[in-house]
Amino acid sequence: MTAATRFDTGRRRVIAVCMAAGTTTLLDNSVLNIAIPVLRSSLNASATEVQWIVAGYSLSFGLTLVPGGRLGDVHGRKMFFLAGLATFTAVGVVAAVATHPWTVIAARLLQGAGAGLVNSQVIGTIQDAFSGQDRARALGLYAVTSGVAAALGPPLGGTLIAAAGPDLGWRLTLLLTVPFGLATLVLAVRYLPPPRPNAGHTGLDPVGLVLVGALALVVMVPFIQIPSNGAAVAAWAAAGCAVAGLIPIWQRRFTRAGGRPLLHPSLLGSAQFALGTAVAMAQFGASIAGSLVLTMFLQDGLGLPAVAAAAVTLPSAVAMGISSALAWRLVRRIGRHTVTLGLALGVCSLLASGLAALRAPADALPVVLALTQFCAGAASGLTVSPNQALVLRHAPREAAGVAGGVLQMSQRIAAAVGVSAVSGVYLHTAARATADHRSAYWHASLTCAGVVAVALAVSTLRGGRTDTDVPGPLQPAHDTNPRAGTQETHL
């Protein structure tokens, strides 16, 4: 019996809609990575335009998460879920038929905003509809589905490009999620419950929303559009520090004035929420960056066609699905140390992948890298959903959407930073006269391993802490619903 069959009928439908939304939005992001070389050639796009096509989606995704979560907390989630998904699906068609790189960029920015609006409602919906072990299982199902969808993107994209040819192939990769989006819209209209009766009783904190959005912007943009000189770098850094300093000042002032701040006090004061978010950032950023660099290495360094490169990444999706299904049994035995174990395996798989690139014979290298990808997928399965459940159990029900938005926004910031930094390491090393793509991939893998090692250290620290508000494994710390544990479906 799967976890989903333990839910009542109403909640099975809710989690099915959430899983479909995660599949649709994250498959779209990952499937494009494999098509970037042929898209660039087809549209004659510059390196800067390609960077914006890849990272612009994450930028607008991240900017929308916290405002979307707050709007859902205040006014109910269904309306914003439907609006975000409709925008995402419609703009996907625009991107697919584009004839100029900046049309694709504009469409991807709008798609990212729609995806961010959808995903912030998904996390809040799960927080609302489930509690206790059921909430942990629901978050796990969503994380597993999203992770597997992201891992399946490159193989699906490679197959489409191989079957349809380069020019039509990249367009089909962008159209791939349109039928998924339409089907999810139908399911959401029918099965997502109406807003909670108490939705709308709290203020939006517009200044807080602007400050959080500005922070995401000033952190992410310099890693997408690299500043041209040191003065520009210093200006961006100063702006980031200033905005980060203003956020807690405004939150305290808004609270003293009787308002409900955007960032709930329990989130700001929870060391466990902060440490868990840091772990999620490091793991997600390194994973996204590592996947992109691997794709570049397989196609540019080893000369593999798109479908063969995609086949190397496929074992990651298989392993993540298997390990995620088994992770909860391990969580019941060793609790949060499951995350630490997964991170340790992630460090080992990255180092093994880089060393293989240096030492393995060319004809055996794709097979060896496929094996290391299997280990990387298993590591993600042990890390992602257990860590997400551990982080979000510290969120009160009235701030569920914002908490999920903060977590996902942090991951998107990490992805923008990671993709820029790690791809820069790879391209800079490969461009040296004395270096080659194998050495470049080793340096990029070593960088990712270092980032995950930091997450491992943080996870170990978190495992050694004891907070008075932390309940037993996978129980929500701040469930304000007096009927927690019942099988309610009101959102």
Side-chain angles (χ1 to χ4, degrees), residues 55-75 77 80 84 109-110 112-121 123-124 200-225 227 232-271 273-278 280-281 284-285 391-392 394-396 398-417:
Y57 182 94
S58 288
L59 173 64
S60 57
F61 193 118
L63 287 173
T64 313
L65 284 166
V66 173
R70 181 65 164 189
L71 288 168
D73 288 339
V74 173
H75 296 297
R77 310 194 192 284
F80 296 105
L109 286 168
L110 287 173
L117 189 58
V118 170
N119 279 273
S120 58
Q121 309 315 316
I123 295 295
H201 289 186
T202 58
L204 279 176
D205 185 11
V207 175
L209 288 171
V210 170
L211 288 174
V212 171
L215 179 62
L217 194 67
V218 298
V219 171
M220 294 175 75
V221 167
F223 288 94
I224 299 173
Q225 184 72 49
V233 172
W236 281 106
C241 292
V243 175
L246 284 173
I247 290 175
I249 294 173
W250 168 254
Q251 296 291 281
R252 288 192 293 268
R253 179 178 177 181
F254 193 65
T255 302
R256 286 196 300 267
R260 292 179 180 265
L262 174 65
L263 301 179
H264 196 280
S266 67
L267 299 182
L268 292 175
S270 173
F273 183 87
L275 292 172
T277 300
M281 289 178 69
F284 187 80
V391 172
L392 292 179
H394 296 279
E398 64 270 20
V402 168
V406 169
L407 176 61
Q408 292 191 79
M409 184 187 75
S410 301
Q411 291 176 306
R412 290 293 156 180
I413 290 173
V417 174

>> To the closest 0.5 Å, what do you measure between CZ (Arg77) and CG (Leu117)?
In response: 11.5 Å
> Which heavy atom in Asn119 sits nearest to a heavy atom in Phe61, and how many Å separate them?
Replying inline: ND2-CZ, 3.6 Å
For residues 207-219, run the donor-acceptor check on the side chains, cut-off 3.5 Å, and write out each pair with its distance to 0.1 Å, sequence neighbours left out.
none

>> Distance check, rounded to the nearest 0.5 Å: His75 atom NE2 versus Arg70 atom CZ?
In response: 9.5 Å
> From Ser410 OG over to Phe284 CZ, what is the distance, rounded to the nearest 0.5 angstrom?
Replying inline: 11.5 Å
> Under the side chain to side chain contact (heavy atoms under 4.5 Å, CB included) test, which residues partner Ala113, sequence neighbours left out?
Replying inline: Ser60, Thr64
> What is the minimum heavy-atom distance between Ala115 and Tyr57, and which atoms define it?
Replying inline: CB-OH, 3.3 Å
> Looking at CD1 of Ile247 and CZ of Arg252, how far apart are the two atoms once the value is rounded to the nearest 0.5 Å?
Replying inline: 12.0 Å
>> Which heavy atom of Ala280 sits nearest to which heavy atom of Gln411, and what is that distance?
In response: CB-NE2, 3.7 Å
> What distance separates Gln251 CD from Leu246 CG, expressed to the nearest 0.5 Å?
Replying inline: 11.0 Å
